[in-house]
Amino acid sequence: MHRERVPACVHPETYKYFLERDAVLATWERLAARYGAPRRDPSFRTMEVVAPRFRVRATLLGNPVTVLRQRACTPADIEELHALLGYRE
């Protein structure tokens with residue numbers, strides 16, 4: 001897995017996480033178990049989990065995952081998210 005910064009986003013710490021193909025379903029299951037089921041928007045073909053400190057968004061295929069941090073997001077919040085995504089720096 002790797003991640004890339006999204007430079008065109010309002011928040012400077014927005015990243016896309018590119019999941020391994022065989023980990024996509026399990027990753028979204030972990031996100032849903034922790035933060036609730038993803039909301040699906042069929043008109044835009046996207047899904048999104050809204051957590052207290054960030055939003056996790058993807059196309060209906062589930063990969064890549066874009067993480068949009070909110071102002072109250074802390075390093076501990078991102079550390080927990082990284083553990084759910086299986087991301088290591």
message: When you group the ILVMFWY residues by side-chain heavy-atom contacts below 4.5 Å and let the links chain together, are V67 and L84 in the same group?
response: yes
message: Tell me whether V49 shares a hydrophobic cluster with V24, the cluster being built from Ile, Leu, Val, Met, Phe, Trp, Tyr side chains joined at under 4.5 Å.
response: yes
- prompt: Looking only at heavy atoms, which two atoms of N63 and A58 are closest? And how far apart?
  reply: N-CB, 4.2 Å
field: All pairs passing salt bridge (charged side-chain N to carboxylate O under 4.0 Å, His left out) where residues 15-26 contributes a residue, at least two apart
entry: none
- request: Can you run down the salt bridge (charged side-chain N to carboxylate O under 4.0 Å, His left out) pairs that involve residues 57-66, sequence neighbours left out, and say none if there aren't any?
  value: E48-R57
query: Should R40 and R45 count as side-chain neighbours, where that means a heavy-atom distance under 4.5 Å?
result: no
message: Under the ring pair (Phe, Tyr, Trp, His ring centres under 6.0 Å) definition, can you give me all pairs with a residue in residues 57-89, not counting sequence neighbours?
response: Y17-H82, Y17-Y87, H82-Y87
query: By side chain to side chain contact (heavy atoms under 4.5 Å, CB included), which residues pair with T27, not counting sequence neighbours?
result: L19, A23, R30, L31, L85
query: For L25, what residues pass the side chain to side chain contact (heavy atoms under 4.5 Å, CB included) criterion, not counting sequence neighbours?
result: none
- request: Please list, chain by chain and in numerical order, all residues satisfying side chain to side chain contact (heavy atoms under 4.5 Å, CB included) with A32, sequence neighbours excluded.
  value: P38
- prompt: Say you draw a straight line from CH2 of W28 to CG of L61; how long is it, rounded to the nearest 0.5 Å?
  reply: 11.5 Å
- prompt: Roughly how far apart are M1 CE and F18 CZ, rounded to 0.5 Å?
  reply: 10.5 Å
query: Who are the side chain to side chain contact (heavy atoms under 4.5 Å, CB included) partners of Q70, not counting sequence neighbours?
result: R55
message: Give me each pair satisfying ring pair (Phe, Tyr, Trp, His ring centres under 6.0 Å) with a member in residues 42-77, each pair once, sequence neighbours excluded.
response: Y35-F54
task: For R34, enumerate each residue passing the salt bridge (charged side-chain N to carboxylate O under 4.0 Å, His left out) test, keeping only those at least two apart in sequence or located in another chain.
output: E80
message: To the closest 0.5 Å, what do you measure between CZ (R53) and CZ (R71)?
response: 13.5 Å
field: Hydrophobic cluster identity match, L60 and V65, side-chain contacts under 4.5 Å
entry: yes
task: Report the residues that fulfil salt bridge (charged side-chain N to carboxylate O under 4.0 Å, His left out) with D41, sequence neighbours left out, ordered by chain and then residue number.
output: none
